[in-house]
Amino acid sequence: QRTSKHHAKAVSDTENGTKVEIKDRKKMVVFFTGGVTYAEISALRFLSKQDDCPFEIIIATTKLINGCSLLKSVAHTLDNTFER
């Protein structure tokens, strides 16, 4: 049963076929040290919305990484490597 396309599902199926209300799902915290990409966040949100996912996934990170910040980080690391 879904309340709407943009709202959380009211119930979720578990492996044994029973219905579990979303508020009854266990919470899983996924913490990324050093950063996480938007694609990784999207993948975890997708998994959390699946009917057979028994967890509400909470994402925490020290930094959001995009293409520009990733390249700057790699360039900085390479500069430090070649200066030695």
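By convention here, the first residue in the shown sequence is residue 1.
Judged by distance alone, with hydrogens and angles left aside, the side-chain atoms of Thr62 form no donor-acceptor pair with the main-chain N or O of Thr33 at under 3.5 Å.
The shortest non-hydrogen separation linking Leu64 to Ser69 is O-OG, 4.2 Å.
Between the CG atom in Leu44 and the CD1 atom in Ile58 there is a gap of 12.0 Å [rounded to 0.5 Å].
Under the 4.5 Å side-chain criterion, counting only non-hydrogen atoms from C-beta, Val30 is not in contact with Phe55. For the pair Val36/Ile65, no side-chain contact is recorded, criterion being any heavy-atom separation below 4.5 Å from C-beta on. The shortest distance between side-chain heavy atoms of Met28 and Ser48 does not fall below 4.5 Å.
Among Lys27, Lys26, Arg45, the single residue meeting the salt bridge (Lys or Arg N to Asp or Glu O under 4.0 Å) criterion with Glu56 is Lys27.
Phe32 and Tyr38 fall within a single hydrophobic cluster, where Ile, Leu, Val, Met, Phe, Trp and Tyr side chains are chained together by heavy-atom contacts under 4.5 Å.
Thr77 and Asn80 share no side-chain donor-acceptor pair at under 3.5 Å.
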